Amino acid sequence: MKFPGQRKSKHYFPVKTRDPLLEQLTQQPQPFATYISGIDQTLVDIEAKVEDELLSRYGLPKGNSTLINDEQAHRLYTELKIHGLISDEFAGGTIGNTVHNYSILADDRSVLFGVMSQNIEVGSYAYRYLCNTSSKVDLNYLQPVDGPIGRCFTLISDCGERTFAISKGAMDKLTPEYIDKDVIQGSSALVLTAYLMRASGGDRITDAAMCAIEYAKAAEVPVVLTLGTRFLIEEDPQWWQNFIKEHVTILAMNEDEGEALTGSRDPLLASEKALEWCDMVLTTAGPIGLYTAGYTEDSEKRETTHTLLPGAIPEFNRYEFSRPKLKVDCETPIKVFAHISPYMGGPEKIGNTNGAGDGALSALLHDLAANTFHKTNVPGSSKHKRDGLCYSSFSQVCKYANRVAYEVLAQHSPRLSRGLPEREDSLEESYWGR
């Protein structure tokens with residue numbers, strides 16, 4: 001595993017490097033491998049520039065999101081293809097993006113649960129999905145199904161307005177029988193999206209997700225939930241609050257989803273409110289930057305050397321150099337917050353905002369998995385005398401998540417095509433080392 005972030009080398013050391021004299025006397029075990037697992041609705045994002053006449057013909061309200069059936073999706077795709085209107089096709093899905101990005105950053109394994117078309121033709125949606133997913137993502141546990149996976153059409157009008165047409169295909173057909181208990185319980189984290197909780201019409205992906213959650217909780221594997229869209233949350237915020245309180249360890253959301261969940265428009269206050277139900281929160285807030293929030297033990301808190309920041313909670317980042325901990329592991333838990341503005345002010349030109357939050361979450365998951373990796377392979381390290389949820393501090397997780405989100409925003413695809421550069425000539429040393 002690559003350790004997260006581009007930092008001064010003194011912070012890290014290869015776990016394989018040991019005293020050469022001791023190495024001759026003792027046989028060292030092979031390093032223990034870590035991975036994360038996730039469940040997703042497997043789908044492909046198809047982007048095209050269209051005239052308003054096409055939207056009217058297919059009954060798609062401009063600027064809205066509409067569900068269409070398989071037949072409509074096939075006709076729409078064929079027409080777009082024939083007239084050369086498709087500009088991009090990407091493998092999609094919030095969790096698919098996240099585990100792919102994790103594997104790119106960590107250069108290590110992740111496992112994805114979902115469905116995949118049993119018969120795959122070259123150039124088909126399923127083929128596109130597989131081609132655009134990292135080879136480090138283990139797809140051996142996908143459930144084979146008859147028919148296409150999901151498709152999300154992003155139809156861009158001349159005025160720039162985006163209209164979405166979504167065809168579910170078989171993406172919600174995952175059943176609990178295809179959730180491998182040993183894989184879930186052996187992972188460093190189980191990552192899910194709120195979309196999984198709204199299956200209907202006999203689809204069983206919700207049952208599969210709940211099965212995986214129970215496996216994870218039984219083995220004390222952190223459950224990570226990303227909210228996905230405010231429209232789903234605002235339908236019943238109380239239900240989601242109860243769900244998070246009962247099942248979720250880490251919550252990822254943007255400022256709109258945070259407002260729908262907590263009623264607070266301020267992303268800092270929304271993050272604080274969410275800590276009533278979970279142990280750690282990652283909140284992305286567009287041009288404002290991003291926040292991390294969580295708990296640490298009062299006796300282990302570390303004061304920042306950065307400027308204390310104003311906000312709805314005065315000087316809220318005072319202890320941002322502390323490491324996140326599970327609230328239950330703290331004798332005297334205190335809330336800790338950190339914030340960072342967009343990396344380098346954000347890209348000069350943003351190609352696509354899709355996937356930036358998934359990129360930020362993948363960075364947090366990389367840091368969490370690195371903690372498991374280091375604790376298992378170097379158990380005597382002073383780092384683990386006081387156990388933490390993540391390897392790094394709230395502040396450092398903020399910086400890493402921010403850097404990865406920038407990398408996604410600077411390209412057009414919602415998925416990373418490569419890891420972060422080994423050396424960043426455009427970035428001063430102080431970003432990582434201060």
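We're numbering straight along the sequence, starting at 1. Worth saying up front: this structure is predicted, and the values here are computed from it rather than measured. Values reported hereafter were calculated over all heavy atoms of this structure, with side chains retained and with hydrogens, waters and symmetry mates removed.
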Any donor-acceptor pair under 3.5 Å linking the side-chain atoms of Ser264 with those of Glu259? no

| task | Verify, without hydrogens or angle tests, whether His100 (side chain) and Thr133 (backbone) share a donor-acceptor contact under 3.5 angstrom. | result | no

CD (Glu220) with more than 12 external heavy atoms under 6.0 Å:
no

* To do: Answer yes if the side chains of Ser103 and Ser110 hold a donor-acceptor pair under 3.5 Å, and no otherwise.
  => yes

Any donor-acceptor pair under 3.5 Å from Asn97 side chain to Asp358 backbone: no

Got a donor-acceptor contact below 3.5 angstrom from the Arg323 side chain to the Thr296 backbone? no

On a heavy-atom basis, the closest approach of Ile120 and Ala126 is CG1-CB, 4.0 Å

Would you mind reporting whether Leu261 and Leu227 have side-chain heavy atoms less than 4.5 Å apart? yes

Item to complete: Would you check if there is a donor-acceptor pair between the side chains of Thr304 and Glu320 at a distance under 3.5 Å?
Response: yes

key: Asp45 side chain to Thr154 backbone, donor-acceptor under 3.5 Å   = no

Extract all donor-acceptor atom pairs below 3.5 Å that involve side chains of residues 277-290 and protein atoms in other chains or at least two apart in sequence.
{"residue": "Asp279", "atom": "OD1", "partner": "Lys327", "partner atom": "N", "Å": "2.8"}
{"residue": "Thr283", "atom": "OG1", "partner": "Ser271", "partner atom": "OG", "Å": "2.8"}

Has Arg415 got its NZ or CZ under 6.0 Å from the middle of the six-membered ring of Tyr129, at an angle within 45 degrees of the ring axis?
yes

Give the intermediate values and the outcome of salt bridge (charged side-chain N to carboxylate O under 4.0 Å, His left out) for residues Asp107 and Lys136. CA-CA 7 Å; Asp107 192 27; Lys136 296 281 187 178; 3.8 Å; yes

Worksheet entry | side chain to side chain contact (heavy atoms under 4.5 Å, CB included) evaluation trace for Thr249 with Val224 | CA-CA 6 Å; Thr249 310; Val224 183; 5.9 Å; no

Item checked: Donor-acceptor under 3.5 Å (Lys217 side chain, Glu246 main chain) -> yes

>> For Asp146, is the CG atom crowded, meaning more than 12 foreign heavy atoms sit under 6.0 Å from it?
In response: no

message = For a quick check under 3.5 Å, do Asp256 and Asn254 share a side-chain donor-acceptor pair by atom type?
response = no

Determine whether the side chains of Asp70 and Ser167 contain a donor N or O and an acceptor N or O closer than 3.5 Å.
-> yes

Where do Tyr291 and Glu272 land on the side-chain hydrogen bond (donor to acceptor under 3.5 Å, both in side chains) test, with the steps shown first?
CA-CA 10 Å; Tyr291 295 83; Glu272 182 189 33; over 6 Å; no

Taken in chain and number order and not counting sequence neighbours, the residues that satisfy salt bridge (charged side-chain N to carboxylate O under 4.0 Å, His left out) with Asp40 are none

*Could you walk me through whether Lys301 and Glu297 pass salt bridge (charged side-chain N to carboxylate O under 4.0 Å, His left out), step by step?*
CA-CA 6 Å; Lys301 63 181 183 287; Glu297 167 60 40; over 6 Å; no

Problem - Flag for Asn242-Gln238: side-chain donor and acceptor within less than 3.5 Å - result: yes

Applying ring-ring contact (aromatic ring centres under 6.0 Å, His included) to Tyr77 and Tyr125, what does each step give before you reach the verdict?
CA-CA 10 Å; Tyr77 183 78; Tyr125 312 113; 4.9 Å; yes

(message) We want to know whether Ser37 and Ser187 form a side-chain donor-acceptor pair, criterion being a heavy-atom distance below 3.5 angstrom.
(response) yes

Q.
Whether the side chain of Gln72 engages the backbone of Asn69 through a donor-acceptor N/O pair (distance < 3.5 Å, no angle test) should be reported.
A. yes

* List the steps and the verdict of salt bridge (charged side-chain N to carboxylate O under 4.0 Å, His left out) for Asp172 and Arg204. => CA-CA 7 Å; Asp172 288 341; Arg204 300 195 63 199; over 6 Å; no

Nearest heavy-atom approach of Asn371 to Tyr391 is CB-N, 3.4 Å

* Asked: Can you find a heavy atom in the side chain of Asn64 that is under 4.5 Å from one in the side chain of Thr163?
  -> no

Item checked: Asp203 side chain vs Leu174 backbone, donor-acceptor pair below 3.5 Å -> no

SB check Glu407 Arg418 (cutoff 4.0 Å) = yes

Donor-acceptor under 3.5 Å (Asn132 side chain, Arg128 main chain):
yes

I'd like to know if the side chain of Thr42 reaches the main chain of Val115, judged simply by a donor and an acceptor atom lying under 3.5 Å from each other, with no hydrogens or angles considered. yes

Specify whether Trp240 and Phe243 have parallel, tilted or perpendicular ring planes, treating 30° as the upper limit for parallel and 60° as the lower limit for perpendicular.
-> perpendicular

Neighbour count >12 (heavy atoms, 6.0 Å) for atom CZ, Arg302 | no

Next on the checklist: Using the rule given for salt bridge (charged side-chain N to carboxylate O under 4.0 Å, His left out), can you reason through Glu276 versus Lys245, listing the C-alpha separation, both sets of side-chain angles and the distance that settles it, and then say yes or no?
Outcome noted: CA-CA 8 Å; Glu276 295 179 14; Lys245 186 174 183 179; over 6 Å; no

Run the side-chain hydrogen bond (donor to acceptor under 3.5 Å, both in side chains) check on Gln143 and Thr175 step by step: do they pass? CA-CA 8 Å; Gln143 177 178 340; Thr175 61; 3.2 Å; yes

*Please lay out, stage by stage, how Val183 and Phe113 fare under the test side chain to side chain contact (heavy atoms under 4.5 Å, CB included).*
CA-CA 10 Å; Val183 170; Phe113 293 94; 3.8 Å; yes

Check your understanding: Does Lys325 make a cation-pi contact with Tyr295 (under 6.0 Å, within 45 degrees of the axis)?
Key -> no

